[in-house]
Colleague: 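Mind having a look at this structure? Questions to follow.
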2 protein chains.
Amino acid sequence: MFIFTKYLSYRIKHMDNRKEKNESDAAGSDYMHGLAIDAVIFGFHDHQLKVLLMQYKRSNIYALPGGFIHKEENLEDAAHRVVSERTGLTDIYLEQFHVFGDAHRADPAPLRSIMMANGFEPGENHWLLQRFVSIGYYALVDFTKVTPMPDRIFDGCNWYGLNDIPPLMQDHETIVKKALESLRTNLDNKLVAFNLMPEEFTMNDLQALYETILDKKLLRPAFQRKILSLNILQRIAKKWTGGAHKAPYLYKFIR
Amino acid sequence: MFIFTKYLSYRIKHMDNRKEKNESDAAGSDYMHGLAIDAVIFGFHDHQLKVLLMQYKRSNIYALPGGFIHKEENLEDAAHRVVSERTGLTDIYLEQFHVFGDAHRADPAPLRSIMMANGFEPGENHWLLQRFVSIGYYALVDFTKVTPMPDRIFDGCNWYGLNDIPPLMQDHETIVKKALESLRTNLDNKLVAFNLMPEEFTMNDLQALYETILDKKLLRPAFQRKILSLNILQRIAKKWTGGAHKAPYLYKFIR
DNA sequence: TTACTATTGTAACAATTTATTACAATAATA
DNA sequence: TATTATTGTAATAAATTGTTACAATAGTAA
């Protein structure tokens with residue numbers, strides 16, 4: 001079904017502005033067959049990790065944002081395009097983390113019936129009914145900068161807390177889990193986490209992010225000392241206003 | 001050319017035992033189109049990291065071992081098959097490390113002329129002439145257990161020291177470089193290195209391996225203490241015989 | 001047998017990093 | 001102005017890592 005919606009999405013765009021693209025036919029032959037991209041888009045809000053999920057037409061069918069690769073498009077470009085279309089962002093931190101290629105990861109039968117229910121008669125060997133290998137990317141985005149963008153097929157595009165994810169189609173739950181694993185192992189090596197923070201943030205925000213991703217408590221003084229020793233934070237003179245206590249500094253990421 | 005040899009290899013196997021498989025035609029339609037696997041097979045010998053490379057028919061055309069994915073075959077299984085066919089091993093440590101998907105990473109023109117020179121007339125849209133996305137796996141194998149196996153197309157299948165690699169076709173040099181990078185970052189986290197050692201080895205052998213992979217000198221006492229503290233080595237009572245000095249212990253990997 | 005050599009195994013200590021405790025500073029509230 | 005909760009960081013303890021040193025020993029050659 002997911003695949004189908006990608007396909008429908010394609011068809012509708014195609015109808016919208018035929019001139020814009022030069023697809024050779026309406027059956028989607030401008031795309032590479034058998035290959036797809038699925039994106040796990042991470043954001044951080046209310047001290048919680050969230051992912052952007054698509055919801056299918058007032059139903060309870062949820063899926064990861066995804067898409068196909070144009071025949072003349074680089075893989076990386078396709079991934080950026082997919083994430084860009086759902087978030088409205090242009091400067092996106094993307095990491096290719098795993099390829100999901102089990103032969104029977106998606107059952108074509110339900111897709112076929114949905115296609116037919118929608119008045120489309122796919123041939124026996126239609127590419128959308130064949131096996132798909134999916135390349136998993138995760139994106140780290142500034143939650144506050146994102147405008148979740150549904151399309152005509154997916155009328156829902158919303159953030160879901162990691163502990164609050166609805167049942168997902170196909171193997172998308174596996175994909176989310178694997179993305180989180182990869183994010184965790186990348187956290188120490190690369191300075192990846194900052195892509196999830198807004199422009200300005202407190203040390204406490206940052207620690208909450210690390211604690212959420214690593215799923216364990218960290219000691220405040222040790223965390224602060226460690227992060228500051230990296231010399232990647234600039235302390236902004238301004239201070240935050242809040243409760244009945246000392247005001248924390250605001251930081252921003254440099255370089 | 002690489003792709004072509006994969007293809008030729010397929011055709012010849014097909015001729016050998018048509019009954020064994022149920023491919024629908026001789027043009028390779030049993031394989032997923034547009035997708036390939038390339039394997040960087042690492043071994044360690046003479047205190048040097050080596051990779052297994054294929055050589056094309058008495059020419060100077062070198063390539064990584066690779067292959068396609070059967071339409072009903074899991075990705076992982078295909079990768080195991082590819083490595084198994086070239087090494088003779090069955091129990092293989094494999095890591096999927098990156099997908100190479102630039103639109104123009106392989107120029108089809110030379111392939112076409114080679115195909116024609118070999119008496120094959122590919123149609124304009126033959127799948128082998130289309131774009132290929134390649135999934136990179138690296139394998140870590142016990143050098144002493146490997147029997148490099150050429151096939152009828154690649155008459156050469158040999159080990160090459162990492163500092164002694166001949167020019168490779170397409171983007172295979174990039175693939176090797178990226179594989180090494182991934183191996184390096186995996187070295188600390190996973191206990192990956194032991195897959196490159198033979199059954200029994202000295203601490204010195206192991207240190208040489210780490211030094212080669214990380215490309216830097218390590219201090220002997222610190223290395224020994226660190227490794228032993230992991231409690232993954234069993235000291236075998238036997239000792240090695242060699243030069244005019246104290247004999248080192250032999251170790252083997254446990255669990 | 002007995003020095004001599006080169007390398008091994010590990011102790012000992014130093015330097016550094018990480019973990020933990022403690023406490024003064026302070027923004028809001030009453 | 002005292003109270004409260006939280007922040008920033010100093011001080012110390014514990015653990016890890018880096019470095020030096022040296023006894024042990026398998027071979028070689030007198």
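Labels below follow one simple rule: chain letters A, B, ... track the order of the sequence lines, proteins then strands, and each chain is numbered from 1.
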Colleague: Please tell me whether B:F42 and B:F143 form a close aromatic pair, meaning their ring centres lie under 6.0 Å apart.
Modeller: no

Colleague: Provide, to the nearest angstrom, the distance between the NZ atom belonging to A:K217 and the P atom belonging to C:dT18.
Modeller: 21 Å

Colleague: Between protein and nucleic acid, restricted to nucleotides 4-10 of chain C and to nitrogen or oxygen atoms under 3.5 Å apart, what atom pairs and distances do you find?
Modeller:
residue: C:dT5; atom: O2; partner: B:A244; partner atom: O; Å: 2.8
residue: C:dA6; atom: N3; partner: B:A244; partner atom: O; Å: 3.2
residue: C:dT8; atom: O2; partner: B:K246; partner atom: NZ; Å: 3.4
residue: C:dG9; atom: OP1; partner: B:Y249; partner atom: N; Å: 2.7
residue: C:dG9; atom: O4'; partner: B:K246; partner atom: NZ; Å: 3.4
residue: C:dG9; atom: N7; partner: B:R220; partner atom: NH1; Å: 2.8
residue: C:dG9; atom: O6; partner: B:R220; partner atom: NH2; Å: 3.0
residue: C:dT10; atom: OP2; partner: B:R235; partner atom: NH2; Å: 3.1

Colleague: Quickly work out the A:Q207 CD to D:dT6 C1' distance and round it to whole Å.
Modeller: 12 Å

Colleague: Run the side-chain hydrogen bond (donor to acceptor under 3.5 Å, both in side chains) test against B:H47 and tell me which residues pass, sequence neighbours left out.
Modeller: B:D205

Colleague: Per the salt bridge (charged side-chain N to carboxylate O under 4.0 Å, His left out) rule, what does the pair list look like for residues 164-173 of chain A, sequence neighbours excluded?
Modeller: A:R105-A:D171

Colleague: What donor-acceptor contacts under 3.5 angstrom involve side-chain atoms of residues 211-228 of chain A, with partners at least two apart or in another chain?
Modeller:
residue: A:E211; atom: OE2; partner: A:Q207; partner atom: NE2; Å: 3.0
residue: A:E211; atom: OE2; partner: A:L218; partner atom: N; Å: 3.0
residue: A:T212; atom: OG1; partner: A:A208; partner atom: O; Å: 2.6

Colleague: Roughly how many Å is it from NZ in A:K226 to P in C:dT20, rounded to a whole number?
Modeller: 14 Å

Colleague: Between atom CZ in A:F223 and atom C1' in D:dT9, what is the gap in whole Å?
Modeller: 16 Å

Colleague: Can you name the residues that form a side-chain hydrogen bond (donor to acceptor under 3.5 Å, both in side chains) with A:H80, not counting sequence neighbours?
Modeller: none

Colleague: With sequence neighbours excluded, what pairs up with A:Y160 under the ring-ring contact (aromatic ring centres under 6.0 Å, His included) test?
Modeller: A:Y62

